[in-house]
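What follows is a short report on a single structure.
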Protein chains: 2
Amino acid sequence: MTTAPQRFSAITRTAAQTRVLDAALKLIAEHGVSGTSLQMIADAMGVTKAAVYRQFKTKEEIVIAITEREMSRLEDAVEAAEAVGHPVGAREVLLDRMIDQAIERRGEVSVLQFDPVIIRLQGEHEPFQRFIERLYAALLGTEPGVEARFHAAMLSSAISVAVMHPLVADLDAETLRAQLIQMSRRMLDLPADSSAKRRSAAV
Amino acid sequence: MTTAPQRFSAITRTAAQTRVLDAALKLIAEHGVSGTSLQMIADAMGVTKAAVYRQFKTKEEIVIAITEREMSRLEDAVEAAEAVGHPVGAREVLLDRMIDQAIERRGEVSVLQFDPVIIRLQGEHEPFQRFIERLYAALLGTEPGVEARFHAAMLSSAISVAVMHPLVADLDAETLRAQLIQMSRRMLDLPADSSAKRRSAAV
DNA sequence: GTCTATAGCGGGATAGAC
DNA sequence: GTCTATCCCGCTATAGAC
């Protein structure tokens, strides 16, 4: 039996499939999975439902593919972090990348994390579970205590949600990024560091 | 023309209506608004759909009523904060109360904030908009700058989401509360203060 | 790869008896 | 306040022609 690919990045899609995923992601980000029908996806693409079903057998497969694609972006960040020798430095690299991506996608995507259907899927789909475990491990850094777990939870929550908050909707990406980096360091009780780019020479 | 009540707390519901809202809230927290049908609500209550429709004319009315009830809880916190003379002290009181409620409801409810249907409703329903404005004003404290807006966004995001994070699922309420208070003070660059209960004598 | 057409089901909502 | 029965619609999914 051939095992499923270990990396989401290894999954390839045809151009037609990618067009479906692009349209579906946009709609799901706005209406949620349950609030998005295949008719809506087909209309957005200018084709019929049957044409969509040719690319993916079920709606659930579309949602899984979207989740895989989003996770593959984070996967790159996790692997970059794991490549760093020191756990503390690894965490810093990961947080930098998570901030980059949260800003890059700015609200379009953050909502996916909270969709009930996607949450259920993450629990049922083994590759998703394994990746989330891996992400948490990289996020936790060295100390295995209560505080470290709390810090990781608070930081990852705050980053992905704060970028789509109405109160910061008018901030440009650079300002938002600077504030997020500064706040992250403060939350971890690290010295404020304006040059957060030294990816090597970690503490 | 009689204007809508200014306070959500002034809205009264019959016992039958409350039973509907309780059942609906539970289901919506798990499956989202679009993923929850009136049949599911009726089944959870042990009655038929028609019995539910006797209490609320439409599904949307149920969702609105649920949102009103959740906001009325926060309303108490906002009013307690507004009663404090100093803006800085007011913000501290509000944050304390927000932390209390986030822990009290622990994930059951936090998801509602991100439901696409409820987000749309908040934009369309004037009383909801007015309340959110009021909440933000109390949350912003004194300084009107970019930093203050960012801090308010980051804090309110982090508090409501962190409590339902898997990494802290096994923490008891007291530990979680202590960590949240400590982190909030750190995020606002206030001195760490273990006795966070002095509701008067604000800074 | 796209279409038309349709099956089969569950959704929201209403009528009217008890 | 609860029921049974029903209406109409949109949903997921499939069949089969082009």
Side-chain angles (χ1 to χ4, degrees), chain A residues 11-69 112 115-121 124-125, chain B residues 11-69 111-112 115-122 124-125:
Chain A
I11 300 172
T12 56
R13 299 284 177 197
T14 66
Q17 285 179 322
T18 302
R19 262 179 287 132
V20 172
L21 297 184
D22 288 343
L25 175 61
K26 212 168 197 169
L27 287 164
I28 288 176
E30 185 174 349
H31 303 105
V33 173
S34 297
T36 302
S37 70
L38 266 101
Q39 187 65 66
M40 291 163 71
I41 297 172
D43 288 349
M45 297 175 65
V47 297
T48 61
K49 277 190 292 180
V52 177
Y53 273 111
R54 181 128 270 261
Q55 306 305 326
F56 295 94
K57 269 193 292 243
T58 63
K59 181 181 174 181
E60 179 152 319
E61 276 190 25
I62 295 177
V63 179
I64 290 177
I66 286 176
T67 309
E68 284 171 347
R69 211 171 54 159
L112 295 193
D115 190 288
V117 176
I118 293 181
I119 289 173
R120 179 182 52 76
L121 231 54
E124 291 171 358
H125 212 65
Chain B
I11 300 171
T12 57
R13 299 284 175 197
T14 65
Q17 284 178 322
T18 301
R19 262 178 288 135
V20 172
L21 297 184
D22 288 343
L25 175 60
K26 210 168 198 167
L27 287 164
I28 288 176
E30 186 174 349
H31 303 104
V33 173
S34 297
T36 302
S37 69
L38 266 101
Q39 188 65 64
M40 290 163 74
I41 297 172
D43 288 349
M45 297 175 65
V47 297
T48 60
K49 275 193 291 180
V52 177
Y53 273 110
R54 182 127 271 260
Q55 307 304 326
F56 295 94
K57 270 194 292 242
T58 64
K59 182 182 175 181
E60 179 151 319
E61 276 191 24
I62 295 176
V63 179
I64 290 176
I66 286 176
T67 309
E68 285 171 345
R69 210 170 55 159
V111 204
L112 296 193
D115 190 288
V117 177
I118 293 180
I119 290 174
R120 178 180 53 76
L121 231 54
Q122 286 179 348
E124 292 171 357
H125 212 64

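Protein chains get the first letters and strands the later ones, always in sequence-line order, with residue 1 at the start of each. Note: hydrogens, waters and symmetry copies are ignored here, and every other heavy atom, side chains too, is used.
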So A:T14, base contact, sugar-phosphate only, or nothing? Heavy-atom distance under 4.0 Å.
nothing
Comparing B:Q17 with B:K49, nearest DNA chain D nucleotide closer to 5' gives the residue B:Q17
Notebook entry, point to check: Do A:T67 and A:H125 have side-chain heavy atoms sitting under 4.5 Å apart?
Noted result: no
Comparing nearest nucleotides in DNA chain C, the 5'-proximal residue of the pair A:R54, B:Y53 is A:R54
- Contact under 4.0 Å: B:T48 side-chain N or O vs D:dC3 OP1/OP2: yes
| query | Does the side chain of B:E60 reach to within under 4.5 Å of the side chain of B:L121, using non-hydrogen atoms? | reply | yes
The nucleotide from C:dT2, D:dT14, D:dT2 with an atom nearest the side chain of B:V47 is D:dT2
Margin query: What contact category does A:S34 fall into here, base, sugar-phosphate, or nothing, at under 4.0 angstrom with non-hydrogen atoms?
Written below: nothing
Of the candidates C:dG1, C:dT14, D:dT2, the side chain of A:Q55 sits closest to C:dG1
Is the phosphate of D:dC11 approached by A:Q39 (side-chain N or O, under 4.0 Å from OP1 or OP2)? no
Within the 4.5 Å heavy-atom criterion, are B:K59 and B:V33 side-chain neighbours or not?
yes
**Touch class at under 4.0 angstrom, heavy-atom based, for A:S37 against every strand present** = sugar-phosphate
Item checked: Evaluation steps, side chain to side chain contact (heavy atoms under 4.5 Å, CB included), between A:E68 and A:R13 -> CA-CA 11 Å; A:E68 284 171 347; A:R13 299 284 177 197; 3.0 Å; yes
From CG of B:D43 across to P of C:dG10 the rounded distance in Å is 12 Å
